[in-house]
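In what follows, a single structure is set out as structure tokens and then discussed.
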Amino acid sequence: MELDIRNLEFSYGKKASAIFKGFDLNVKDGSILAILGKSGSGKSTLLRIISGLEDRSKGYIRIGDRTVQDENTFIQAEKRNTGFIFQNYALFPYLTVAQNIAFGMKGKDDVRVKEMVSLTRLDGLEKRYPHELSGGQQQRVALARSLAPKPSILLMDEPFSSLDTALVKDLREDLRRIIRSTGMTTIIVTHDEDDARALADETLVLDCQ
Ligand SMILES: Nc1ncnc2c1ncn2[C@@H]1O[C@H](COP(=O)(O)OP(=O)(O)OP(=O)(O)O)[C@@H](O)[C@H]1O
């Protein structure tokens, strides 16, 4: 779905200086945007605002044809239906791969879990626990878990930060292939220009105001 942000304003607390002011962003349906920017420029904050985890921002945010925020509206994070993949993947250690993937879905849907396992090439690993997986496999479980409930948009914060750099090149291609095959509108926050170039259709460089 398309993401449209107009005139966004945000600061952490009344006395803090604004991280966003008059900020506009449009991401076309199905496209992959990389957000680059130095540490502290507000990359993670922007993902938190889009997903509804920060409720103090002002401005207008639309996802698809649904306004999730404007002066009269604030849709809570649970109801916003964004897929968020955190830096450390935040997998549940006591749940298996299949149970992790099923976690965010309403009701039991083994067919959808199987579909996600196959999309992310986790076949045969369904009964393993996160600590029995490689970093790249854990990332794919996080991806499968986020995609399973069919989110409106996928938000990834530093997808490669906890992985061995030698593996990252292959994993980038893998990640791009999976995202492309779903047609999901995706925003990837990274500090690495090579990630941005390899993964994204467009790049935005954030500059803290
Ligand atoms: N909960 C918070 N309360 C107050 N200030 C915060 C909070 N979280 C982040 N900040 C500040 O907001 C600014 C933007 O932080 P953010 O984490 O969005 O940056 P970033 O670009 O993602 O940085 P990095 O690349 O280091 O992860 C920073 O100056 C940070 O110190």
Side-chain angles (χ1 to χ4, degrees), residues 3-27 31-63 68-70 74-91 130 135-136 138-143 145-146 151-169 171-172 175-176 179 184-209:
L3 170 74
D4 201 37
I5 299 179
R6 297 275 159 228
N7 214 10
L8 182 71
E9 198 176 317
F10 179 81
S11 59
Y12 282 105
K14 284 197 177 108
K15 288 184 186 151
S17 57
I19 295 176
F20 296 101
K21 203 166 187 182
F23 176 83
D24 296 335
L25 175 67
N26 181 272
V27 189
S31 88
I32 304 176
L33 173 77
I35 298 187
L36 281 164
K38 53 183 189 296
S39 180
S41 58
K43 304 183 294 298
S44 301
T45 303
L46 181 61
L47 294 194
R48 293 175 57 78
I49 292 171
I50 295 168
S51 63
L53 292 170
E54 293 297 342
D55 63 3
R56 288 166 292 185
S57 64
K58 289 186 193 144
Y60 165 89
I61 304 176
R62 180 173 54 79
I63 303 175
V68 295
Q69 180 178 319
D70 63 15
F74 183 83
I75 308 277
Q76 300 287 338
E78 316 81 82
K79 302 215 168 116
R80 231 175 244 210
N81 193 28
T82 56
F84 203 130
I85 303 180
F86 296 92
Q87 278 182 32
N88 57 6
Y89 313 137
L91 297 176
Q138 290 180 25
Q139 185 191 63
R140 296 209 298 275
V141 178
L143 184 60
R145 185 180 61 183
S146 296
S152 50
I153 187 166
L154 183 65
L155 307 169
M156 298 189 84
D157 199 352
E158 297 278 4
F160 304 112
S161 63
S162 44
L163 297 176
D164 191 335
T165 46
L167 290 172
V168 167
K169 195 163 170 280
L171 292 172
R172 277 190 200 123
L175 183 61
R176 186 176 162 90
I179 295 173
M184 186 71 63
T185 309
T186 302
I187 300 182
I188 300 174
V189 157
T190 176
H191 60 272
D192 186 322
E193 286 184 35
D194 292 337
D195 285 354
R197 215 169 298 125
L199 284 164
D201 304 311
E202 282 179 90
T203 299
L204 169 74
V205 181
L206 270 194
D207 225 341
C208 200
Q209 328 220 351

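Atoms within a ligand are numbered from 1 in the order they appear, just like the ligands themselves.
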Worksheet item: By number and element, which atoms of ligand 1 are closer than 4.0 Å to a non-hydrogen atom of Thr45?
Response: 14 (C), 15 (O), 16 (P), 18 (O)
Worksheet item: Crowded around Glu202 CD? As in, over 12 foreign heavy atoms under 6.0 Å?
Response: no
Worksheet entry | Sub-4.0 Å atoms of ligand 1 with respect to non-hydrogen atoms of Ser39 | 23 (O), 24 (P), 25 (O), 26 (O)
Worksheet, complete the sentence: Contact region, Leu46 to ligand 1, non-hydrogen atoms below 4.0 Å, reads neither
Worksheet item: Which option out of Phe20, Tyr12, Phe10 puts a heavy atom nearest to atom 5 (N) of ligand 1?
Response: Tyr12
Practice prompt. Give me the ring orientation class for Phe84 and Phe86: parallel if the planes are under 30° apart, tilted from 30 to 60°, perpendicular past 60°.
Written response: parallel
Worksheet item: Is it true that Glu9 and Lys21 make a salt bridge, defined as a side-chain N closer than 4.0 Å to a carboxylate O?
Response: no
Discussion item. Any salt bridge linking Arg197 with Asp195? Criterion: basic side-chain nitrogen under 4.0 Å from a carboxylate oxygen.
Written reply: no
Worksheet entry | Interatomic distance, Lys43 atom NZ to Glu158 atom CD [nearest 0.5 angstrom] | 6.5 Å
Worksheet item: Any N or O of Gly37 that comes nearer than 3.5 Å to an N or O of ligand 1?
Response: no
Worksheet, complete the sentence: For Lys43, the atoms of ligand 1 under 4.0 Å from one of its heavy atoms are 18 (O), 19 (O), 20 (P), 21 (O), 22 (O), 23 (O), 24 (P), 25 (O)
Discussion item. Assess whether a salt bridge exists between Asp157 and Arg48, defined as any Lys/Arg side-chain N lying under 4.0 Å from an Asp/Glu carboxylate O.
Written reply: no
Worksheet item: N/O of Glu158 under 3.5 Å from N/O of ligand 1, yes or no?
Response: no
Discussion item. Quick check for you: to the nearest 0.5 Å, what is the distance between Ser57 atom OG and Phe74 atom CZ?
Written reply: 6.5 Å
Discussion item. For ligand 1, which is the ligand I care about here, please tell me if Gly42 has any N or O atom under 3.5 Å from one of the ligand's N or O atoms.
Written reply: yes
Worksheet item: For residues 74-88, which residue pairs qualify under salt bridge (Lys or Arg N to Asp or Glu O under 4.0 Å), counting only residues two or more places apart or in two chains?
Response: none
Worksheet item: With a cut-off of 4.0 Å, which atoms of ligand 1 are near a heavy atom of Lys38?
Response: 21 (O)
Practice prompt. Using a strict cut-off of 4.0 Å, indicate which atoms of ligand 1 neighbour a heavy atom of Ser41.
Written response: 19 (O), 21 (O)
Fill in: Nitrogen or oxygen atoms of Gln87 and ligand 1 under 3.5 Å apart
no
